[in-house]
Amino acid sequence: MKTDELKTFFSGRPTAEITKAILGKRLSYQSPQGLLSGIIVEAEAYLGQEDSTAHAFNGRRTPANEALYGEPGTIYIYTLRGQYMFDVAVQEKDNPQGILVRGLEPVDGVTLMAENRHGKTGSDISNGPGKLMQALGIQSKALNLTMVNAGPLSIDLDHGRQPKEIITSARVGVSKRGDWTEAPYRFYVAGNPYVSGMRKRDMDLDSHGWLN
DNA sequence: GCGGAGATGCTCT
DNA sequence: GAGCATCTCCGCC
């Protein structure tokens, strides 16, 4: 069953491992305008109640972050400074860990995505968590609390591209909160232009960092 | 091209 | 009213 596959992928192993495994997977959105999709190239792990930088730190639970407490594969959409962010809840129900998707290499509907980004081009279309949601045209929380692969948003877990190398670093934008601030829970495809903050000279413009 | 300041809107206090 | 898992623009290379 599809639901079982989803739960198997998004639980039963450390969240950092799941986050690395999601790199290279295709995220698709069946939008009112047509199919938009891209390959996930950057993501961060948030480890729930233990993690002082996480929304669910100390068991914090509010209407806004309720999705983190859902079944593995629950979509968590929230806003930050007016930007929409896309997370997937991982680990079993009531264990509020999650993955933030931060970078997407466009595949289907690139022209539409550029329009959604008001004429931005190249890697600027989707090299950040707020930017990729703009590119997909998702500017509401309508899909919050719904499941991946049960509606217009899906992740193909059976196919994907293989990174040559995965780089690990500290998470971006987290305010200083003790030991967790510098914890190595950001993962990205080395050299891929759609990784947030990737400098031009570090980009691999031939393979984009993929083996296949 | 790159880094930093300022704008930004939503959520909980 | 503060805090924030960000974006954009504008200087200065």
Side-chain angles (χ1 to χ4, degrees), chain A residues 10 15-16 18-20 22-23 27 40-70 74-91 95-104 106 113-145 148 167-188 191-205:
Chain A
F10 287 119
T15 298
I18 304 172
T19 309
K20 282 188 271 190
I22 210 175
L23 298 180
L27 175 68
I40 298 170
V41 302
E42 177 186 1
E44 288 175 350
Y46 286 88
L47 271 51
Q49 356 211 20
E50 314 269 295
D51 182 349
S52 57
T53 69
H55 290 171
F57 178 53
N58 268 340
R60 176 188 170 85
R61 185 170 188 164
T62 68
N65 75 0
E66 178 64 28
L68 283 172
Y69 289 82
T74 302
I75 294 169
Y76 172 39
I77 293 175
Y78 65 94
T79 59
L80 177 68
R81 292 173 158 94
Q83 308 295 316
Y84 287 88
M85 309 288 156
F86 173 66
D87 271 51
V88 182
V90 302
Q91 307 307 352
N95 183 351
Q97 307 199 32
I99 295 175
L100 169 66
V101 176
R102 295 187 49 91
L104 203 62
M113 290 196 221
E115 279 174 29
N116 289 339
R117 286 279 295 138
H118 306 105
K120 292 287 194 316
T121 57
S123 57
D124 216 21
I125 291 176
S126 50
N127 65 342
K131 295 179 188 179
L132 70 91
M133 288 294 267
Q134 286 182 34
L136 293 174
I138 302 176
Q139 298 293 289
S140 86
K141 291 174 64 174
L143 296 174
N144 185 45
L145 287 164
V148 166
I167 308 282
T168 301
S169 81
R171 293 167 294 186
V172 176
V174 297
S175 38
K176 299 203 179 354
R177 283 187 192 133
D179 294 344
W180 288 88
T181 309
E182 298 297 329
Y185 291 125
R186 172 179 179 240
F187 304 97
Y188 61 90
N192 190 283
Y194 294 89
V195 172
S196 67
M198 173 76 58
R199 288 185 301 271
K200 203 113 186 173
R201 63 171 170 278
D202 295 330
M203 291 180 185
D204 178 347
L205 295 174

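Atoms considered below: every heavy atom in the structure, side chains included; atoms not considered: hydrogens, waters and symmetry mates. Chain A is the first sequence line, chain B the second, and so forth, proteins listed ahead of strands; every chain is numbered from 1.
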What's the [atom1]-[atom2] distance between [X] and [N], to the nearest Å?
{"X": "D124(A)", "N": "dC2(B)", "atom1": "CG", "atom2": "P", "answer": "13 Å"}
{"X": "D87(A)", "N": "dA5(C)", "atom1": "CG", "atom2": "P", "answer": "11 Å"}
{"X": "Q139(A)", "N": "dT6(C)", "atom1": "CD", "atom2": "C1'", "answer": "12 Å"}
{"X": "N127(A)", "N": "dA5(C)", "atom1": "CG", "atom2": "P", "answer": "19 Å"}
{"X": "N65(A)", "N": "dC12(B)", "atom1": "CG", "atom2": "C1'", "answer": "11 Å"}
{"X": "K176(A)", "N": "dC4(C)", "atom1": "NZ", "atom2": "P", "answer": "12 Å"}
{"X": "R199(A)", "N": "dG4(B)", "atom1": "CZ", "atom2": "P", "answer": "12 Å"}
{"X": "Y78(A)", "N": "dC10(B)", "atom1": "OH", "atom2": "C1'", "answer": "13 Å"}

Does [X] make a side-chain N or O approach to OP1 or OP2 of [N] shorter than 4.0 Å?
{"X": "K200(A)", "N": "dG1(B)", "value": "yes"}
{"X": "R177(A)", "N": "dA5(C)", "value": "yes"}
{"X": "T62(A)", "N": "dC12(B)", "value": "yes"}
{"X": "R117(A)", "N": "dT8(C)", "value": "yes"}
{"X": "R81(A)", "N": "dG6(B)", "value": "no"}

For this session: Determine the sole option in Y46(A), Y78(A), Y76(A) for which the side chain to side chain donor-acceptor pair (under 3.5 Å) test with H55(A) is passed.
Result: Y76(A)
Exercise. Closest nucleotide of DNA chain C for L68(A) versus for Q134(A): which of these residues is on the 5' side?
Worked result: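 Of the two residues, L68(A) wins.
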Exercise. Are R177(A) and T53(A) linked by a side-chain donor-acceptor pair shorter than 3.5 Å?
Worked result: no
Exercise. Taking all atoms of both residues into account, what is the closest heavy-atom pair of L23(A) and V41(A), and its distance?
Worked result: CD2-C, 3.5 Å
Exercise. Which heavy atom in I99(A) sits nearest to a heavy atom in A43(A), and how many Å separate them?
Worked result: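 Smallest heavy-atom distance, with atoms named: CG2-CB, 3.9 Å.
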Exercise. Would R117(A) and K131(A) count as a side-chain contact (heavy atoms from CB on, under 4.5 Å) if you check the C-alpha gap in whole Å, the side-chain angles of each, and the deciding distance to 0.1 Å?
Worked result: CA-CA 8 Å; R117(A) 286 279 295 138; K131(A) 295 179 188 179; 3.5 Å; yes
Exercise. Is there a Watson-Crick or G-U wobble partner for dG9(B) with both distances under 3.5 Å, and if so, which one is it?
Worked result: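 Pairing partner: dC4(C).
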Exercise. Using a cut-off of 4.0 Å on non-hydrogen atoms, how would the nucleic acid contact of Q83(A) be classed: base, sugar-phosphate, or nothing?
Worked result: sugar-phosphate
For this session: Would you indicate what S175(A) reaches in the nucleic acid, counting non-hydrogen atoms under 4.0 angstrom: base, sugar-phosphate, or nothing?
Result: sugar-phosphate
Measuring from the side chain of [X] (C-beta onward, heavy atoms only), which nucleotide among [options] has the closest atom?
{"X": "K141(A)", "options": "dC2(B), dT11(B), dC10(B)", "answer": "dT11(B)"}
{"X": "A64(A)", "options": "dA5(C), dT8(C), dT11(B)", "answer": "dT11(B)"}
{"X": "K120(A)", "options": "dT8(C), dT6(C), dG1(B)", "answer": "dT8(C)"}

